[in-house]
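Labels below follow one simple rule: chain letters A, B, ... track the order of the sequence lines, proteins then strands, and each chain is numbered from 1.
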There are 2 protein chains.
Amino acid sequence: MTRRHQQIADDLRSAIADGRYPVGSALPSDAELAAAYDASRGTVRQAVSALLAEGMIGSRQGARRTVLTTTPSQSFTELRSFAQWAASGGHAAGGLVLESAWEAAGGDTAARLQVPTGARVFRVLRVRTLDGDPVLLERAVYAGWIGSAVERLPPDCVSVTRRLNEDTGLVFTHGEHHIDALAAGTLEARHLELRRGSPLLRVRRTTTAQDGRPVETSDDRYRPGSVAFTVRNSLQANSLTRTEG
Amino acid sequence: MTRRHQQIADDLRSAIADGRYPVGSALPSDAELAAAYDASRGTVRQAVSALLAEGMIGSRQGARRTVLTTTPSQSFTELRSFAQWAASGGHAAGGLVLESAWEAAGGDTAARLQVPTGARVFRVLRVRTLDGDPVLLERAVYAGWIGSAVERLPPDCVSVTRRLNEDTGLVFTHGEHHIDALAAGTLEARHLELRRGSPLLRVRRTTTAQDGRPVETSDDRYRPGSVAFTVRNSLQANSLTRTEG
DNA sequence: AACTCGAACTTGTCTGTACAGGCTACCGTC
DNA sequence: GACGGTAGCCTGTACAGACAAGTTCGAGTT
């Protein structure tokens, strides 16, 4: 049983994607939508506010809401999982673990995972490929309580996220992504098949489980031209922050 | 007269920032907050959902909400305006227009600004400095209806956003940011004081006014190490998208 | 023809109520 | 002491009504 407001939101999203409401056009009013879906205005507003937060529509008091873009954001799951993202774009994802080991968490890592310095954590160095081409070198560190589940995964496991969810019921619910650029070192040059000094896109991320415990922190280095990130935001919902390097 | 739900949200934000609710601790329940602020549960939930969307707190049905992080996101205005961002971090921002001209919009630019190909647009090449050091080369293109206001600004105008707001009442409400990495060319090398081929962080963004009309589209190239971007997201609110390069 | 004013409409805000479904802590049993 | 079940709490969802504040458009006036 899907929720009423979610049904309405999904329906509006696909209506916009289909072009029934082109970019720049006005959406029906709360009252019209409530009548059309036979729901209360509160429920309709809950659905609409989801699209608002995604930046798909704009809204000002008094004026009808207008469509801003037809391409919806990916779901969080799709973002978190390299494999699921690739699959949704019709590409084949691959992965290979180059190194993995238990070790004591250093200061930075410990802080990001919210564990004491020196706590046992599981470190993994992984190459990710898209249609056979290496595009991403991933240095991930998993918290101790999930590390052994990661250790049991096959080294060429395509979707780590999916397997962890199947094996342990783990669901990622929050993430923080820190994005900057840097030059490729020897290691990146070798595994991503480019020259030392080439520009790389670096994403340092920390992912958190339902209960707020950090699960994983990672330093991902992308080959330029292969992958980019898009953030859509608004006055109402802003998740992007500029920080000092 | 600020809104009730916004007051409550602000109060909760500062309570979290102050450490009254440390990371990992539980927030009071809807009922308790409603009693404390003398508001209905609906209003409290509206306030709490703002923090939820910002990723400051986590929530699951049945369990109390927990604090995920104490550092709030910047407001959208602060993100949009380089000068206001710098000021909030205690730095001095500067800017200098190197070139500017009216020209006909090319295909890409026209599409991003949602104007016909060949429409008159105003292009500006600007260097931005932080505490005197050049950190950002900005290639911005403004839509025709706002271009003349931009043209009237002094070339060393520090906060373009603020001046446009004062002069024309313009408010930026939505933005789309596309982030990747690339190597510095001759122009970037000269103005950002680095070598050709050095890695740069590129942010291509399009900003939209209240009524949904695109105002500005820009290609910003940041010197690495000076500025980074952070995105915080969750199952409930996700604005980050991974795209093909 | 240009301008002003107002009525109708639309979104934003707030309250109150009700029920469903997940979570926790306590209590009694084995 | 370990285990299981349940009552009470808490969040999610949904509905109905009311007013505030901003927008739009047309009628009437200048």
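Computed from coordinates, the A:Arg3 CZ to D:dC15 P distance equals 13 Å when rounded to whole Å. Taking atom CD1 of B:Ile57 as the reference point, atom P of D:dC10 lies 16 Å away to the nearest angstrom. Between the C1' atom of C:dT13 and the CZ atom of A:Arg45 lies a distance of 8 Å, rounded to the nearest Å.
Residues satisfying the side-chain hydrogen bond (donor to acceptor under 3.5 Å, both in side chains) test with A:Thr109, not counting sequence neighbours, are none.
Along DNA chain D, the nucleotide nearest to A:Val44 and the one nearest to A:Ala63 differ in position, and the one closer to the 5' end is contacted by A:Val44. Residue order along DNA chain D, read from the 5' end via each residue's closest nucleotide, puts B:Asp30 first among B:Asp30 and A:Thr43.
The A:His5 side chain lies nearest to D:dA14 when the options are D:dT23, D:dA14, C:dC14. Of the candidates D:dC10, C:dG21, D:dA20, the closest approach to any side-chain atom of B:Gln61 belongs to C:dG21.
Side-chain atoms of A:Arg41 and base atoms of C:dT13 include a donor and an acceptor less than 3.5 Å apart. Side-chain atoms of A:Arg65 stay outside donor-acceptor range of the base of D:dT23, with no qualifying N/O pair under 3.5 Å.
Of all the residues in residues 31-40 of chain A, A:Ala39, A:Ser40 reach under 4.0 Å from DNA chain D with at least one non-hydrogen atom.
Using a 4.0 Å cut-off between a side-chain N of Lys or Arg and a carboxylate O of Asp or Glu, A:Arg41 and A:Glu32 do not qualify as a salt bridge. A salt bridge links B:Asp180 with B:Arg204: the closest approach of a Lys/Arg side-chain nitrogen to an acidic carboxylate oxygen falls below 4.0 angstrom. A:Arg205 has no carboxylate O lying under 4.0 Å from a charged side-chain N of A:Glu176, or vice versa, which leaves the two without a salt bridge.
Residue B:Gln46 places at least one side-chain N or O closer than 4.0 Å to OP1 or OP2 of C:dT13.
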Exercise. Any chance you could lay out the side chain to side chain contact (heavy atoms under 4.5 Å, CB included) test for B:Ile57 and B:Ile16, step after step, and finish with the verdict?
Key: CA-CA 10 Å; B:Ile57 61 178; B:Ile16 291 173; 4.0 Å; yes
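A donor-acceptor contact shorter than 3.5 Å links the side chain of B:Arg4 to the backbone of B:Tyr37. A donor-acceptor distance shorter than 3.5 angstrom exists from the side chain of B:Ser14 to the backbone of B:Asp10, with no hydrogens or angles considered.
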Report, one pair per line, the protein and nucleotides 3-9 of chain C atoms (nitrogen or oxygen only) whose separation is under 3.5 Å.
none

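A:Leu27 is not listed as a side-chain neighbour of A:Thr66, based on a closest heavy-atom distance of 4.5 Å or more.
Aromatic rings of B:Phe229 and B:Tyr222 (six-membered ring for Trp) have centroids within the 6.0 Å cut-off, being under it.
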